[in-house]
Amino acid sequence: MDRIRKALDLARQERERLYSAPQVLDEPRVEIKVAASQVPVSIAYTTSRTFTAGPALLESNRIVDSSANNPAAAAFRMLRTQVLQRMDEHGWRSLAVLSPRSEDGKTTTAINLAMSLANNRQHTVLLVDSDLRSPAIGAALGLAPEFGLEDVLRGQARVEQCLYHPEGFDRLLVLPAREAIANSSEVLAGPQGRALVAELRARYPERLILFDLPPVLMTDDALAFLPLVECGLVVVAERVTSREDLLRCMELVRKTPIVGTVLNRATDAHSGYG
């Protein structure tokens, strides 16, 4: 773990020295306050389709109960607080979840963070599966969507036809992808992608939008899409992510403000994120 931590520290130092980009908070600084009128106490979904994400399936896919009293849930609550503070400090409402490569736990982190954000009852949250190379959010939640992100981008469906509400998570909506598509980076960053992001941000200005993107070092999708979002979160895994891959990833995303880094599979459960 020391190897990854040293690489994380070096990446932060390099970003501060070369690019003056915002870095992860070491300690919470600002308490997030949202007016009670902004988010209703109870939300009735009339157009979004409701589905059940079974507890056994969630557990098998390492999706944690964010309200539970265990180290994993506590870690995601702390991550949620730090992400909220940094985003609120700058007025950001769109976040890209990134990783150097495919085995770093990016999608699992995106789902857990989205659920934790929705559970704090101060925000509504939209989780978008923007990994059109290998979409995985639907399968992780037990969702087989009729329409998905790629249908919206092709002009074959409207956004409201592709929104799904997991039962038991009042403030969470999911916009899944059904299948991989060719030329995904061009589609994501093209006119259709830009129009979609603009529509999602305009619909509910107070909503937080999380985009799960393909790995930075394996395709150009993430780099092409990043100018459309306000900030990013980088996910790495102990004994999986190499120092070189982490530093290269941070160099490539240097123009995007990074609100933090997440260290998955850490042997020290009390400091598995930075």
Side-chain angles (χ1 to χ4, degrees), residues 24-25 28-45 48-89 92-97 105-129 136-143 163-176 200 203-212 231-233 235 259-264 269-270 272-273:
V24 65
L25 294 176
R29 292 190 295 168
V30 181
E31 186 67 27
I32 303 304
K33 296 182 180 179
V34 178
S37 60
Q38 287 185 298
V39 181
V41 174
S42 179
I43 300 175
Y45 293 99
S48 304
R49 307 181 188 193
T50 299
F51 71 99
T52 300
L57 176 65
L58 295 180
E59 183 178 358
S60 68
N61 288 322
R62 295 185 291 124
I63 310 302
V64 304
D65 178 357
S66 60
S67 62
N69 184 23
N70 58 53
F76 277 106
R77 288 194 294 269
M78 179 63 77
L79 176 65
R80 171 192 70 192
T81 298
Q82 292 184 307
V83 167
L84 279 175
Q85 287 171 348
R86 197 54 179 273
M87 293 182 70
D88 190 70
E89 180 182 359
W92 295 328
R93 288 295 176 265
S94 57
L95 172 75
V97 182
K106 160 187 65 69
T107 297
T108 302
T109 298
I111 296 173
N112 278 308
L113 177 58
M115 289 182 168
S116 188
L117 286 167
N119 196 50
N120 84 334
R121 308 185 71 82
Q122 291 183 326
H123 299 274
T124 58
V125 179
L126 173 61
L127 175 62
V128 183
D129 192 344
I137 288 178
L141 297 176
L143 170 63
L163 296 178
Y164 295 83
H165 164 58
E167 188 175 14
F169 298 90
D170 283 350
R171 288 162 172 76
L172 177 62
L173 284 176
V174 178
L175 201 174
L200 294 178
R203 276 176 172 250
Y204 301 99
E206 78 283 355
R207 174 172 287 166
L208 302 179
I209 308 174
L210 275 64
F211 296 93
D212 180 30
C231 57
L233 178 74
V235 180
V259 299
T261 52
V262 177
L263 179 58
N264 271 329
H270 296 290
Y273 50 87

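The chain is numbered in sequence order, starting from 1.
Asn264 and Thr109 share a side-chain donor-acceptor pair at under 3.5 Å.
Between Thr108 and Asn61, the closest side-chain pair of non-hydrogen atoms is not below 4.5 Å. Using a 4.5 Å cut-off on side-chain heavy atoms (C-beta onward), Phe211 and Leu127 make no contact. Counting only heavy atoms from C-beta outward, the side chains of Leu208 and Leu126 never approach each other to under 4.5 Å. Side-chain atoms of Leu233 and Leu210, non-hydrogen and from C-beta on, never get closer than 4.5 Å to each other. Residues Leu141 and Pro166 have side chains not in contact (no heavy-atom distance under 4.5 Å, counting atoms from C-beta outward). Side-chain contact check for Asp170 versus Asn119: every heavy-atom pair is 4.5 Å or farther apart. For the pair Arg171 and Arg207, the minimum side-chain heavy-atom distance is 4.5 Å or more. Between Pro176 and Tyr164, some side-chain heavy-atom pair lies under the 4.5 Å cut-off.
No donor-acceptor pair under 3.5 Å is formed between the side chain of Arg93 and the backbone N or O of Ile209.
Here OG1 of Thr124 is found 7.5 Å from CG of Leu173. Values are rounded to the nearest 0.5 Å. For the atom pair CD (Gln82) and CE (Met78), the distance works out to 6.0 Å, reported to the nearest 0.5 Å. In this structure, Leu200 CG and Leu175 CG are separated by 6.5 Å, a value rounded to the nearest 0.5 Å. Distance SG/Cys231 to CZ/Arg86: 9.5 Å, rounded to 0.5 Å. Rounded to the nearest 0.5 Å, atoms CG (Leu113) and CG (Asp212) are 11.0 Å apart. Annotation: the span from Asp88 atom CG to Thr81 atom OG1 amounts to 12.0 Å, rounded to 0.5 Å.
Annotation: Phe51, atom CZ; neighbour count of heavy atoms from other residues, nucleotides and ligands within 6.0 Å is above 12. Counting heavy-atom neighbours within 6.0 Å of Asn69 CG, excluding the residue itself, gives a total of 12 or less.
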* Check the pair Met115, Leu172 against side chain to side chain contact (heavy atoms under 4.5 Å, CB included), reporting the backbone distance first and the verdict last. => CA-CA 7 Å; Met115 289 182 168; Leu172 177 62; 3.9 Å; yes

* **Trace of the side chain to side chain contact (heavy atoms under 4.5 Å, CB included) decision for Leu117 with Leu84** => CA-CA 8 Å; Leu117 286 167; Leu84 279 175; 3.5 Å; yes

* Asked: Can you check side-chain hydrogen bond (donor to acceptor under 3.5 Å, both in side chains) on Thr52 and Glu167, steps first, answer last?
  -> CA-CA 5 Å; Thr52 300; Glu167 188 175 14; 2.9 Å; yes

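Of all the heavy atoms in Ala73 and Ala68, the pair that sits closest is CB-O, 3.4 Å. Of all the heavy atoms in Gly232 and Leu95, the pair that sits closest is C-CD1, 3.6 Å. Counting all heavy atoms, side chain and backbone alike, Val64 lies closest to Ala72 at CG1-CB, 3.8 Å.
Applying the salt bridge (Lys or Arg N to Asp or Glu O under 4.0 Å) criterion to Arg203, with sequence neighbours excluded, gives Glu160, Glu199.
Within the structure, every pair that satisfies the salt bridge (charged side-chain N to carboxylate O under 4.0 Å, His left out) test and touches residues 49-59, not counting sequence neighbours, is listed here: Arg49-Glu146.
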